[in-house]
Amino acid sequence: MAQLFYREALNQAMCEEMERDDTVVLMGEEVAEYDGAYKVSQGMLDKFGPKRVIDTPISECGFAGIGIGAATYGLRPIVEFMTWSFSLVAYDQIVNNAAQVRYMSGGQFEVPIVFRGSSGGGLQVGATHSHCPENWYANVPALTVITPAFPDDAKGLLKSAIRSNNPVCFIENEKLYGFKDEVPDEEYLTPIGKARTVREGDDFTLITNSGSTHRALEAGKALADDGIEAEIIDLRTVKPLDMDTILESVRRNHRVLIVEENKPFAGWGAQVAYEIQALAFDELDAPIMRVASRDVPQPYNGNMEQYVLPNPERIAETAKKLLA
Amino acid sequence: MAQLFYREALNQAMCEEMERDDTVVLMGEEVAEYDGAYKVSQGMLDKFGPKRVIDTPISECGFAGIGIGAATYGLRPIVEFMTWSFSLVAYDQIVNNAAQVRYMSGGQFEVPIVFRGSSGGGLQVGATHSHCPENWYANVPALTVITPAFPDDAKGLLKSAIRSNNPVCFIENEKLYGFKDEVPDEEYLTPIGKARTVREGDDFTLITNSGSTHRALEAGKALADDGIEAEIIDLRTVKPLDMDTILESVRRNHRVLIVEENKPFAGWGAQVAYEIQALAFDELDAPIMRVASRDVPQPYNGNMEQYVLPNPERIAETAKKLLA
Amino acid sequence: MPTVDKESSGVATVKTSTLLPDLSSAQKLELLEQMLLIRRFEEKAAQAFQQAKIKGFCHLYIGQEALAVGTISVLNQDDAVITAYRDHGHGLARGMCPNECMAELFGKAAGCSKGKGGSMHFFDKEKHFFGGHGIVAGQTPLGAGIAFAQKYLDTGRVTLCYLGDGAINQGSFHESMNLAALWKLPVIYVIENNDYAMGTSVARSSAGDPLTKRAVAYDMAALQANGMDVDDVREKTAEAVHLARTESQPTLLEIRTYRYKGHSMSDPGKYRTKEELQKHMDRDPIALYDLRLQEEGVLDQETFDKMDERAREIAQEAYDYAEKAPEPAVEECYDDIWAPETQISEIPFRHRLIV
Amino acid sequence: MPTVDKESSGVATVKTSTLLPDLSSAQKLELLEQMLLIRRFEEKAAQAFQQAKIKGFCHLYIGQEALAVGTISVLNQDDAVITAYRDHGHGLARGMCPNECMAELFGKAAGCSKGKGGSMHFFDKEKHFFGGHGIVAGQTPLGAGIAFAQKYLDTGRVTLCYLGDGAINQGSFHESMNLAALWKLPVIYVIENNDYAMGTSVARSSAGDPLTKRAVAYDMAALQANGMDVDDVREKTAEAVHLARTESQPTLLEIRTYRYKGHSMSDPGKYRTKEELQKHMDRDPIALYDLRLQEEGVLDQETFDKMDERAREIAQEAYDYAEKAPEPAVEECYDDIWAPETQISEIPFRHRLIV
Ligand SMILES: Cc1ncc(C[n+]2csc(CCOP(=O)(O)OP(=O)(O)O)c2C)c(N)n1
Ligand SMILES: Cc1ncc(C[n+]2csc(CCOP(=O)(O)OP(=O)(O)O)c2C)c(N)n1
Ligand SMILES: [Mg+2]
Ligand SMILES: [Mg+2]
């Protein structure tokens, strides 16, 4: 198996799908001539030309809406937000149009579109640029929200998202673009809506996603040194939730820790916690705990930002409280 | 005490505060010459003139930002969204500017602004016009989210919100504008961040807000006929949560039902459920249950919409399951 | 062939050269028929609203009939149309079934959107009618996107995207115009300038006059038409459509019109005088066209009365149909959220009820 | 007094009549000093970034110095300034303390935003500097809002709101211009046209040329200036400021400039040629003004060298100060979220840690 960067895996996914299907186009700021602000679309302009790899003005609301309109007409646009923080100016288009045109038309129109881009904190870009929008979009009934943590999932899930006949919010993580790992050489699709157990353990169940998965794995190692074995589930898809995988693990471990980068108030972790206690109340030996970003705007200062994020130390500490 | 409509109570709050403080202004679509789309600002143009009661073009992003900028300069704007559904085009201004300018400036600038307007479903205005944005805003660290259910709270809380030195999302409910109830004649402020027990009962604790409070009270009556006594807590303020009042009741009743109009995935009810089980795990005799809007876009058809909303029947049924 | 050129005003305009073939008498009568149908359909909808058979919002098109009918009449069947929430007129002009439209207003399963969309959200894929959109100007990027796809797929088709005079002040429209001009998209933005956004006149909402100036920023072609005169509407629209079809250039088309009824059924309309309303009703688009056709000898009073009678019948039939049509089952609220997956396996849990 | 009038282009312009008093030699040298300070401060920041003492984004102002210095030099101390994320130059031109600015870049507690804002989010209330905003064009409604308050409070003050050439395509800017023109707000929108938005040239992002046409839609005054010539910048800005102050009218002021460095420190800048860059560096705003002052006899080479030396020293002092300054305690992340309540009792639970 080839070792690929997360960004390369995403690039392969888009290239393979564009070769396979002429109706797939990529549009966004700097995706073409600049090869992408984070180089995710490197080389795609040369491969597919300016008709299919399209630089846009800084008009997220406008080009998100253009993607949606084009999708209702039969194209399968990939709309890149340089970061999801900039999708806030396009929030209305995504919520009211991408997610509702099918319903409001009584099922007449399909909206096969993928919104994708970077997200999250940790790189000291400050409060306006560090948003984690999983919960803002997962709350919207028709939207599917995918947040891959590894290159192989990034590729397989993006290919599935592009082939989906429905709107998908594909939320990447800026800190992971440079993460390298094995990716199968042959073509494959990763199923949407299935979580992945990335570490087995019988002391407690840790549920996480995206960049937090890596911090959780770090914490898992540290805990193992203290003889605590965490079972770590990477959701991969935040909505719909794979409750089967979650509950199966909870029934074995009886203790649950959720680790998310969302700000805590009604972050996705709150929903996972709610569903677990609703569906497996008697299985719980202790309250479900969460490690989310602290409930403050993202600070620029590096130490402060690490303190605000769900870092391995906080995760390990909280796990110990959970088992106390 | 005078009997006032919810809309009149809001009107009184704004008028009293504008008389008290020249820096308070009201701006929004149709608030002046038209007396407000829902007549909340009736007569205010005549009282305060066009300098302070200002009709805007249909530019929510623009005038929300103007309100924020003016607030940093010392005014105390009340920005009306005809409905909160239309705040989606201003989401970036509220999240990145209103909620973060103080933090990003190291505390130099204050943003004393109130965003207010109608929200919610039940009047068959369809998917684009029926949003309940409590969780979208409550997730944002610096924002305070208020959702009054009764005329007296509407008045007292709006007055407090206007006097707050910080950004407040004041989310009214369209179905309540025509609701009439007693409002004290003398001046008063209702404290932000304090829930209100609107029905006492010792069988279970029901936590709700805004329009859902009224549906919950209806259900409470029906349940009482079957000998089931619900204690109903109207949050009034969704963020910050009054966990003291909630936990005090939970410790007595040991069973909890949350009723919210938010769509379920990471609605505010998920956060309340999470915190209760985290802070009072051993007090719970049964899983916390929620009745939220169903996880579908808002349909136009009346029966279908009632089926989607948390209606009294669903609330009562769920309560019975909770007690089974 | 029209070409963009700039007037001293700085507004790029389209050189008018008549592009429209003369209409046959039958075709002229058809235009009149469509306007009459919209008028009577809307009157019937108003009645149903007062009877509380229609709920929510109901924005009537009465007074603006020549605009939808005139613009759409110069399109091909497979060109695309998209508009805002005041969409009954456009839907009917596009050939949507009056019964299904009225059934939608009644929220019935037989409605064009299965009773899920309502008055503001008419859709008809077969008729290339892309809605019916409730958020002011929210449809304007979609219109550019449809035109983007039409061009990408080499369809030779064009898109008419309508918006109100109040909608021009939404950022989404500005972004759409820049993108349409920059990418040369075959979209025509039709501003239905009926002088008011709810109770706010154009003068109180929009700096700059005339509204065609909004195109100058983007070197976009711009035209004005008299929305009370279906022939003038047709001619100007034809110029814009030709420019879009032959040169893939967008146009901003401002059409002056007027709505006779309130903004929605719940609007008393205190912001305008009876005289102002009367002034506009005196140049009623239907009466005007009726007169013209009678002068031309294409029509006599008797035929007109028959046509009007027929329009009333169709509206009444639609009313009866809608009333008799069955309510959708409430559980159907879970349908039509997602298109079935065809290229990947169905996504598990998606249809799970969240507890 | 300047008055708005329309040219054949349709662009409303301000009749130029010289409003600026002649500068004393000392004042001229001060302008040069400010430009030099910005240049050397930014070079030092670049160095610190390469040393990883500055993190995140760092957008340098080198090449654009005459723009911030020239525009701000015609303001009163109590006029307001607000800009985007490329804000170091504006902050320094506004008189912010270089030490505090550098400390902010280093994320230190002594920074102008306590290390919480970073490069993109400089603020200084005392200097009437309203930031420092990271979301493209997100500051443009705020600028109109500050002007709204200035007018409401009868301050007689005006607001300079800067944005980039790429930012003109955000809906928020369009809405802001319409509102500013409609409400006659004393705001001047300064487009810093450095020809690129990251790697995208104006021609690839913006339909319509010149950018001043964006004002036509709103009958707003518009002016252009040469951003490499501080005197031209001052003259055109003075016209706009005068119009805002005396008639409370907004102006769109497009100033042509160029950035020598990458968009941010991480940009290799492949999208432009060395020749293009050289062409602009040959009309360097500092060299140009130095030459002019030397020709005028206001300055000789020796004095210039001294001034430049001093600018380097200040930058180095700022660097040293920032490096020595203490880190904020991480728990301070919970401070500065809310202003203390003064008219109502403190809101309970607000400072509760959410479990
Ligand atoms: C973003 C947004 N803001 C506000 C509204 C509420 N609203 C619905 S229609 C309307 C007036 C629109 O007027 P105009 O664009 O002129 O269209 P007309 O009603 O005259 O056809 C307003 C303010 C909305 N639907 N969307
Ligand atoms: C809404 C939004 N979209 C995208 C970005 C990312 N971004 C930051 S700067 C920039 C280019 C802006 O160019 P311009 O406005 O010309 O300003 P300049 O950098 O040239 O000073 C982009 C795309 C952003 N910060 N905000
Ligand atoms: Mg109108
Ligand atoms: Mg630029």
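Just so we're on the same page: letters track the sequence lines, and every chain starts at 1. Everything numeric in this text was worked out from a predicted model, so none of it was measured.
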Can you say whether [X] sits under 4.5 Å from chain A via the side chain, the backbone, both, or neither, judging by heavy atoms?
{"X": "V272(B)", "value": "neither"}
{"X": "I94(B)", "value": "neither"}
{"X": "A270(B)", "value": "both"}
{"X": "F265(B)", "value": "both"}

[atom1]/[X] to [atom2]/[Y] distance, rounded to the nearest 0.5 angstrom?
{"X": "Y300(A)", "Y": "Y103(B)", "atom1": "OH", "atom2": "OH", "result": "14.5 Å"}
{"X": "D92(B)", "Y": "S87(A)", "atom1": "CG", "atom2": "OG", "result": "9.5 Å"}
{"X": "Q100(B)", "Y": "H131(A)", "atom1": "CD", "atom2": "NE2", "result": "4.5 Å"}

Please determine, by modelled atom types, if N139(B) and N135(A) share a side-chain donor-acceptor pair under 3.5 angstrom. yes
How are the rings of Y91(A) and Y91(B) set to each other: parallel, tilted or perpendicular (split at 30° and 60°)? parallel
Taking all non-hydrogen atoms of both residues, which atom of [X] and which atom of [Y] are closest, and how far apart?
{"X": "V140(A)", "Y": "W136(B)", "result": "CG2-CZ2, 4.1 Å"}
{"X": "P297(A)", "Y": "P141(B)", "result": "N-CB, 3.7 Å"}
{"X": "A266(B)", "Y": "G267(A)", "result": "CB-O, 3.8 Å"}

Is it true that a side-chain atom of Q277(B) and a backbone atom of P287(A) form a donor plus acceptor pair closer than 3.5 Å? no
Heavy-atom pairs under 4.5 Å with chain A: which of V296(B), V95(B), D282(B), T128(B) has the most? T128(B)
When you compare the side chain of F281(A) with that of L284(B), does any pair of heavy atoms fall below 4.5 Å? yes
Below 4.5 Å, heavy-atom pairs only: which of A286(A), P299(A), A142(A), C61(A) has the largest tally toward chain B? A286(A)
